[in-house]
Amino acid sequence: MTPSTGSTERAARYFPFRTGPDADRIIRDAPDTDRDQQCRAVRLTSRHTRAMATARPLWLPPPILIALCIGTGFWWIAALGTAVCALACVILYGIAKRARDDIRLLDGTVGIPIPDDLVKEVMTTGKAMHALAVLHQRAPIGGGLDEGLSHHRREIVTLNSRYTDHLHLARRHWVRGDMPRWRDTAQRLPVIANEVSKLVDSIILFADHDF
């Protein structure tokens with residue numbers, strides 16, 4: 001990927017997984033000296049996406065092969081096909097995990113470029129996601145709050161994925177020099193904050209009813 005260097009729009013660096021005061025989570029009007037690392041993070045994100053997209057369909061052939069070959073003399077085809085698919089999945093999931101770990105490291109060291117004038121909106125979303133994580137960490141096991149979190153687990157996973165996907169997409173647009181899409185992606189983050197707020201209310205309401 002060839003990075004673009006034509007933009008003059010001010011960019012901050014946001015560190016989504018840091019805790020503590022705002023000053024530790026954002027660098028305003030950051031110098032454009034980390035572009036190589038940002039490009040590397042984009043490549044790693046693409047690698048992770050490709051590995052996961054390739055691995056998921058590989059779980060489908062084994063049960064089909066087993067269903068077709070069971071009770072016949074071709075059971076070895078099912079066994080071989082299952083072994084090949086399983087090995088491929090292990091390799092691909094390993095690639096995806098290493099890429100995800102490296103992305104997380106870069107998120108925490110070089111940060112994610114966001115429009116400098118949208119820092120407040122982006123950080124509001126980050127604080128909402130952090131509050132949801134804290135709620136999960138502090139919920140007593142087996143209590144009403146824990147059950148509420150379990151009841152809404154799918155929504156929580158979806159919101160977490162959308163949050164990180166939006167941040168990484170913003171980084172991709174910034175690296176490519178597509179400033180309109182970069183800004184548009186960052187502006188959509190507060191929508192997630194509103195959804196998180198509603199979800200937290202639903203979790204607490206579920207816990208209260210259970211109690």
Side-chain angles (χ1 to χ4, degrees), residues 1-18 22-57 92 95-133 154-199:
M1 176 180 295
T2 302
S4 171
T5 58
S7 172
T8 58
E9 186 164 357
R10 294 170 60 190
R13 294 298 183 273
Y14 175 53
F15 302 88
F17 303 111
R18 288 185 183 178
D22 291 353
D24 293 340
R25 304 173 65 192
I26 197 78
I27 299 176
R28 301 295 300 266
D29 195 14
D32 187 7
T33 57
D34 60 352
R35 189 171 286 273
D36 287 346
Q37 289 290 78
Q38 299 292 351
C39 290
R40 178 170 177 262
V42 170
R43 291 194 297 269
L44 286 167
T45 301
S46 296
R47 183 184 303 170
H48 177 271
T49 301
R50 287 195 301 269
M52 294 299 294
T54 305
R56 289 188 186 103
L92 289 166
I95 292 171
K97 182 182 183 302
R98 287 192 297 273
R100 183 193 63 202
D101 291 344
D102 288 343
I103 294 165
R104 185 69 177 258
L105 179 62
L106 288 169
D107 288 346
T109 54
V110 299
I112 295 175
I114 61 170
D116 198 78
D117 59 333
L118 294 177
V119 163
K120 181 178 179 181
E121 291 82 353
V122 173
M123 291 193 68
T124 296
T125 308
K127 289 176 181 178
M129 298 304 301
H130 180 67
L132 185 59
R154 180 174 296 179
E155 296 98 309
I156 294 171
V157 171
T158 299
L159 284 171
N160 270 305
S161 295
R162 284 176 56 198
Y163 174 59
T164 54
D165 287 349
H166 270 69
L167 289 172
H168 293 156
L169 183 59
R171 172 190 274 146
R172 179 182 296 275
H173 291 321
W174 182 84
V175 164
R176 291 179 172 176
D178 192 340
M179 297 300 107
R181 289 187 178 182
W182 175 53
R183 174 170 290 276
D184 179 66
T185 302
Q187 287 175 330
R188 282 185 268 136
L189 282 165
V191 176
I192 298 176
N194 292 334
E195 294 180 24
V196 170
S197 178
K198 293 177 182 178
L199 178 60

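- A distance-only check finds a donor-acceptor pair linking the side chain of Q38 to the backbone of G111 [under 3.5 Å].
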Given D117 and R183, is the side chain to side chain contact (heavy atoms under 4.5 Å, CB included) satisfied, shown in steps?
-> CA-CA 10 Å; D117 59 333; R183 174 170 290 276; 2.9 Å; yes

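- With values rounded to the nearest 0.5 angstrom, D34 atom CG is found 9.5 Å from C39 atom SG.
- Distance alone, capped at 3.5 Å, places no donor-acceptor pair between the R98 side chain and the H48 backbone.
- Using a 4.5 Å cut-off on side-chain heavy atoms (C-beta onward), V110 and R13 make no contact.
- Checked by atom type and distance alone, the side chain of W182 pairs as donor or acceptor with a backbone atom of P113 at under 3.5 Å.
- Residues F17 and D107 are in side-chain contact: their nearest non-hydrogen atoms beyond the backbone lie under 4.5 Å apart.
- Of all the heavy atoms in A51 and I95, the pair that sits closest is CB-CG2, 4.2 Å.
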Run the numbers on Q37 and T109 for side chain to side chain contact (heavy atoms under 4.5 Å, CB included), then give the verdict.
-> CA-CA 10 Å; Q37 289 290 78; T109 54; 5.6 Å; no

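- Here the OG1 atom belonging to T164 is positioned 9.5 Å from the CZ atom belonging to R104, to the nearest 0.5 angstrom.
- Rounding to the nearest 0.5 Å gives a distance of 6.5 Å between OH of Y14 and CG of L167.
- Between T124 and P190, the closest side-chain pair of non-hydrogen atoms is not below 4.5 Å.
- Residues R50 and L92 fail the side-chain proximity criterion, which asks for heavy atoms closer than 4.5 Å.
- Counting all heavy atoms, side chain and backbone alike, F15 lies closest to D24 at CD1-O, 4.4 Å.
- D184 CG to H166 NE2: the interatomic distance, rounded to the nearest 0.5 Å, is 8.5 Å.
- The distance from atom CZ of R181 to atom CG of L169, rounded to the nearest 0.5 Å, is 9.0 Å.
- Contact check for V42 versus H168: no side-chain heavy atoms found under the 4.5 Å cut-off.
- Side-chain atoms of R25 come within 3.5 Å of backbone N or O of R18 as a donor-acceptor pair.
- When all heavy atoms of T185 and A170 are compared, the closest pair comes out as CG2-N, 3.8 Å.
- Under 3.5 Å, the side chains of R172 and S46 contain a donor-acceptor pair of N or O atoms.
- Look at D116 and R28 and you find a salt bridge, because one of the NZ, NE, NH1 or NH2 atoms lies within 4.0 Å of a carboxylate O, short of that distance.
- A distance of 5.5 Å separates CD in Q187 from CG in L118, rounded to the nearest 0.5 Å.
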Evaluate side chain to side chain contact (heavy atoms under 4.5 Å, CB included) for M123 paired with I26, printing each intermediate quantity in order.
-> CA-CA 8 Å; M123 291 193 68; I26 197 78; 3.9 Å; yes

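- Of the possible donor and acceptor atoms, none in the side chain of H130 sits under 3.5 Å from a partner among the backbone N and O of G126.
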Just do the side chain to side chain contact (heavy atoms under 4.5 Å, CB included) check on E195 and Y163 with the steps written out, would you?
-> CA-CA 11 Å; E195 294 180 24; Y163 174 59; over 6 Å; no

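- By the 4.5 Å heavy-atom criterion applied to side chains, W174 and R35 are counted as neighbours.
- Annotation for R188: atom CZ counts as buried by contact number, over 12 foreign heavy atoms lying within 6.0 Å.
- Here the closest non-hydrogen pair linking V119 and A12 is CG2-CB, 3.7 Å.
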Please assess R40 against D36 for the test salt bridge (Lys or Arg N to Asp or Glu O under 4.0 Å), listing each intermediate value before the final yes or no.
-> CA-CA 6 Å; R40 178 170 177 262; D36 287 346; over 6 Å; no

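- Heavy atoms only, all atoms of each residue included: I112 and R171 are closest at CG1-NH2, 3.3 Å.
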